[in-house]
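Because only heavy atoms are used, hydrogens play no part in the values below, and waters and symmetry mates are left out as well, while side chains stay in.
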Amino acid sequence: MTKRHITYLACTTVLVGALAGTAPASAAHRIHVVHPGESIQKAVNAARPGDTVFVLAGTYRESVTVKTPGLTLRGEGDRTVIKPVKKKKTKSAPPAAKATVSCEEGGNGICVIGAKNTALERVTVADLKVTGFSRMGVWSMGTDRLTVQRVTADDNGQWGIAQEHSTRGVFRDNVARRNGDAGLFLANNVKAEEGARDTKGTLVVRNRLEGNRIGITVRRLRNLTVTRNLVTGNCAGVFVVGDENKPKAGALTVSRNDVERNNKYCPKTARLPYLQGSGIVLTGTEKALVTGNVVTGHAGRSPLSGGIVLFKSFVGVTSERNRITGNHLRDNSPADLVDQEAARSGNAFGGNSCRASKPSGLC
């Protein structure tokens, strides 16, 4: 038996022990161990539904695409680092346009992708770091029951961890810092004008979002929970965004989050004014519940500044029948609670601990 085979078996034995109790035992499920210098993608391509690809500590310069249901892609925490391929500068002509763009060509680190009309089910991405990509660290499209946990997504050009057109995802115990737009971004489909999608219970829990443009963005979605996250040092903390399409975004819960000092300055974009000092913002949403959050230390003069802010969407759609209850707010400027909607919108404020509101009387 070669030294390499002995290493493979030893690592496999350790991993099986570590995974015991987290998944049903099955003789048909294999563990593929990737060593530094080897290809993660090659192991993913060789895996079958239910297999685990275990990536040992080291730096891997590649992008990885997962299209196998039930696959687990797992590393050894922040010691397993995925970075972009080093590009050689050339003067060659640009490549011809293609119908599809690969994960690497799109500037992304890890892509989890379902088929056009069939969701990719029960994929797990866990215990690794994805950093330095020009667009997304981890991006998924067309999935059901995807789990992303204990992933660090730092210094990516657009989103740290993102998901579109998917259901029943779980995003747990991740860290996303200094990404160009949102640390964690969830949406129906950013390239299509359509109504909000029912996520069937997507859960965003115990993540740390720091130093991004926006900590967490939820765009055109319904039926999900954002809870017990730490959101600090971004330009804006939590954004729940809707528009004129039907059904509207909403019927979701933002609860028990610590949203602190999101006072970084970010210039305006085609969609939004400049951002600074925004805690939790609802714009163009309905029937959202915002409860039990601690929102402190925000200061800014943007139209979206304040502790918890209800703002009419930039296409003129009102935020209606939202409930803002039982939150603890302090030291937010221009106010702890800001409601820029008309009185007839039916938004309800009650039981919040705060000192100042616009208009007055909401505390």
Participant: Mind listing the closest non-hydrogen atom pair of Gly109 and Val130 along with its distance?
Facilitator: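 Closest approach of Gly109 to Val130, heavy atoms only: CA-CG1, 4.0 Å.
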Participant: What I'd like to find out is whether the side chain of Leu252 reaches to under 4.5 Å of the side chain of Leu289, using heavy atoms alone.
Facilitator: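 Heavy-atom side-chain distance check fails, nothing below 4.5 Å.
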Participant: If you count every heavy atom of other residues, nucleotides or ligands that lies below 6.0 Å from Arg61 atom CZ, does the total exceed 12?
Facilitator: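 Enclosed.
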Participant: Given side-chain contact (heavy atoms from CB on, under 4.5 Å), test Asn327 with Ile308 step by step and report yes or no.
Facilitator: CA-CA 9 Å; Asn327 300 285; Ile308 298 176; 3.8 Å; yes
Participant: Under a 3.5 Å distance rule, please check whether Asn156 uses its side chain to pair with a backbone N or O of Asn179 as donor and acceptor.
Facilitator: no
Participant: Between Val238 and Val175, is there a shared hydrophobic cluster once you connect ILVMFWY residues whose side-chain heavy atoms come closer than 4.5 Å?
Facilitator: no
Participant: Take atom CZ of Arg122 as the centre, draw a 6.0 Å sphere, and report whether it contains more than 12 heavy atoms from other residues, nucleotides or ligands.
Facilitator: no
Participant: Working to the nearest 0.5 angstrom, can you tell me the gap between Gln276 CD and Ser278 OG?
Facilitator: 9.0 Å
Participant: Please walk me through it: do Asp78 and Thr152 pass side-chain hydrogen bond (donor to acceptor under 3.5 Å, both in side chains)?
Facilitator: CA-CA 7 Å; Asp78 282 357; Thr152 297; 2.8 Å; yes
Participant: Do Phe185 and Ile113 land in one hydrophobic cluster if side-chain heavy atoms of ILVMFWY residues count as linked below 4.5 Å?
Facilitator: yes
Participant: Looking at Thr59, is its backbone amide N or carbonyl O close enough to the side chain of Lys83 to form a donor-acceptor pair, meaning the two atoms are under 3.5 Å apart?
Facilitator: no
Participant: Is there a side-chain contact between Arg213 and Thr269 in this structure, where contact means two heavy atoms from C-beta onward sitting under 4.5 Å apart?
Facilitator: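 Yes, their side chains come closer than 4.5 Å.
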Participant: Under 3.5 Å, is there a donor-acceptor pair between the Trp159 and Asp181 side chains?
Facilitator: yes
Participant: Determine yes or no for a side-chain-to-main-chain donor-acceptor pair under 3.5 angstrom, with Ser63 supplying the side chain and Ile110 the backbone.
Facilitator: no
Participant: May I ask you to test the Asn257-Val226 pair for a side-chain heavy-atom distance under 4.5 Å?
Facilitator: yes
Participant: Can you see which heavy atom on Arg197 is nearest to which on Asn188, and at what distance?
Facilitator: CB-CB, 3.9 Å
Participant: After noting the C-alpha distance and the side-chain angles of Leu337 and Phe349, does the key distance pass the side-chain contact (heavy atoms from CB on, under 4.5 Å) rule?
Facilitator: CA-CA 9 Å; Leu337 296 175; Phe349 295 82; 3.9 Å; yes
Participant: So, for Ser305 and Gly300, which heavy atoms are closest and what is the spacing to 0.1 Å?
Facilitator: OG-C, 3.2 Å
Participant: Suppose clustering is done on Ile, Leu, Val, Met, Phe, Trp and Tyr with side-chain heavy atoms closer than 4.5 Å. Which residues sit in the same group as Tyr265?
Facilitator: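 Tyr265 shares its hydrophobic cluster with Tyr274.
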Participant: Under the side-chain contact (heavy atoms from CB on, under 4.5 Å) criterion, do Leu73 and Phe54 qualify, and how do the steps go?
Facilitator: CA-CA 6 Å; Leu73 175 61; Phe54 180 56; over 6 Å; no
Participant: What heavy-atom pair brings Gly160 and Ala153 nearest, and what distance separates the two atoms?
Facilitator: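 Smallest interatomic distance, heavy atoms only, reads O-CB, 3.5 Å.
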Participant: Hey, is the main chain of His29 close enough, under 3.5 Å, to the side chain of Asp51 for a donor-acceptor pair?
Facilitator: no
Participant: Counting only heavy atoms not in Arg323, do more than 12 sit closer than 6.0 Å to its CZ atom?
Facilitator: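 12 or below, so no.
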Participant: With rounding to the nearest 0.5 Å, note down the distance linking CG in Asn234 to OG1 in Thr232.
Facilitator: 7.0 Å
Participant: Would Val81 and Val33 show up in the same hydrophobic cluster when neighbours are defined by side-chain heavy atoms closer than 4.5 Å?
Facilitator: no
Participant: Thr143 and side-chain hydrogen bond (donor to acceptor under 3.5 Å, both in side chains): which single residue from Gln163, His165, Glu164, Arg168 fits?
Facilitator: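 In the set Gln163, His165, Glu164, Arg168, the residue that makes a side-chain hydrogen bond (donor to acceptor under 3.5 Å, both in side chains) with Thr143 is Gln163.
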Participant: Measure across Leu56 and Pro36 and return the closest heavy-atom pair with its distance rounded to 0.1 Å.
Facilitator: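 What the structure gives for the nearest pair is CB-CD, 4.3 Å.
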Participant: May I ask you to say whether Asp173 pairs ionically with Arg206, meaning some side-chain N is under 4.0 Å from a carboxylate O?
Facilitator: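 Result for this pair is yes, salt bridge flagged.
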Participant: Quick one: hydrophobic cluster around Leu230, which other residues, with the 4.5 Å side-chain cut-off, linked directly or via members?
Facilitator: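 Grouped by the 4.5 Å side-chain rule, Leu230 forms a cluster of one, so the answer is none.
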Participant: Cut-off 3.5 Å, side chains only: do Asn45 and Gln41 have a donor facing an acceptor?
Facilitator: yes
Participant: Quick one: NE2 on His328 to OG on Ser353, what's the gap to the nearest 0.5 Å?
Facilitator: 5.0 Å
Participant: What's the separation between atom OG1 in Thr296 and atom CG in Asp331, rounded to the nearest 0.5 Å?
Facilitator: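 These two atoms lie 7.5 Å from each other.
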Participant: Tell me, do Thr202 and Phe171 make a side-chain contact under 4.5 Å, heavy atoms counted?
Facilitator: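 They are in side-chain contact.
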Participant: Give a yes or no on whether the backbone of Thr285 and the side-chain of Asn322 come within a donor-acceptor separation of less than 3.5 Å.
Facilitator: yes
Participant: Which pair of heavy atoms, one from Asp339 and one from Glu341, lies closest together, and at what distance?
Facilitator: OD1-N, 3.0 Å
Participant: Is there a donor-acceptor pair closer than 3.5 Å between any side-chain N or O of Asp127 and the backbone N or O of Arg74?
Facilitator: no
Participant: Checking the side chain of Asn262 only, and the main-chain atoms of His298 only, is there a donor and an acceptor separated by less than 3.5 Å?
Facilitator: no
Participant: Please step through salt bridge (Lys or Arg N to Asp or Glu O under 4.0 Å) for the pair Arg321 and Glu286, ending with a clear verdict.
Facilitator: CA-CA 6 Å; Arg321 292 170 291 168; Glu286 67 175 7; 3.2 Å; yes
Participant: Would you please test Val151 and Val138 for side-chain contact (heavy atoms from CB on, under 4.5 Å) and show each step?
Facilitator: CA-CA 9 Å; Val151 168; Val138 178; 4.2 Å; yes
Participant: Show, in sequence, the C-alpha distance, side-chain angles and deciding distance for Thr199 and Asn223, and conclude whether the side-chain hydrogen bond (donor to acceptor under 3.5 Å, both in side chains) test is met.
Facilitator: CA-CA 6 Å; Thr199 75; Asn223 188 13; 5.4 Å; no
Participant: Would you call Trp139 and Val112 a side-chain contact if the rule is heavy atoms closer than 4.5 Å?
Facilitator: no
Participant: Do Val231 and Ile216 come within less than 4.5 Å of each other through their side chains, counting heavy atoms only?
Facilitator: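 A side-chain contact under 4.5 Å exists here.
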Participant: Side chains of Leu310 and Ile324: does their closest heavy-atom pair fall under 4.5 Å?
Facilitator: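 Side-chain contact under 4.5 Å: yes.
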Participant: Could you tell me the separation between the SG atom of Cys235 and the CG atom of Leu304, rounded to the nearest 0.5 Å?
Facilitator: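 With rounding to 0.5 Å, SG (Cys235) is 12.0 Å from CG (Leu304).
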Participant: I'd like to know if Arg222 pairs up with Asp198 as an ion pair, taking the criterion as any Lys NZ or Arg NE/NH1/NH2 lying under 4.0 Å from an Asp or Glu carboxylate oxygen.
Facilitator: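 No, no charged N to carboxylate O under 4.0 Å.
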Participant: Any heavy-atom pair between the side chains of Leu329 and Asn352 that's under 4.5 Å?
Facilitator: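 Yes, close enough: below the 4.5 Å cut-off.
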Participant: Quick check: does any side chain N or O of Asn229 sit under 3.5 Å from a backbone N or O of Asp258, one acting as donor and the other as acceptor?
Facilitator: no
Participant: Under 3.5 Å, is there a donor-acceptor pair between the side chain of Thr217 and the main chain of Ala182?
Facilitator: no
Participant: Measure the OG1-NZ distance between Thr318 and Lys248 for me, rounded to the nearest 0.5 Å.
Facilitator: 4.5 Å
Participant: Which residues pass the ring-ring contact (aromatic ring centres under 6.0 Å, His included) test with Phe239, not counting sequence neighbours?
Facilitator: none
Participant: Determine yes or no for a side-chain-to-main-chain donor-acceptor pair under 3.5 angstrom, with Ser255 supplying the side chain and Thr291 the backbone.
Facilitator: no
Participant: Side chains of Thr131 and Asp154 only: does a donor on one sit below 3.5 Å from an acceptor on the other?
Facilitator: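 There is no such pair between these side chains.
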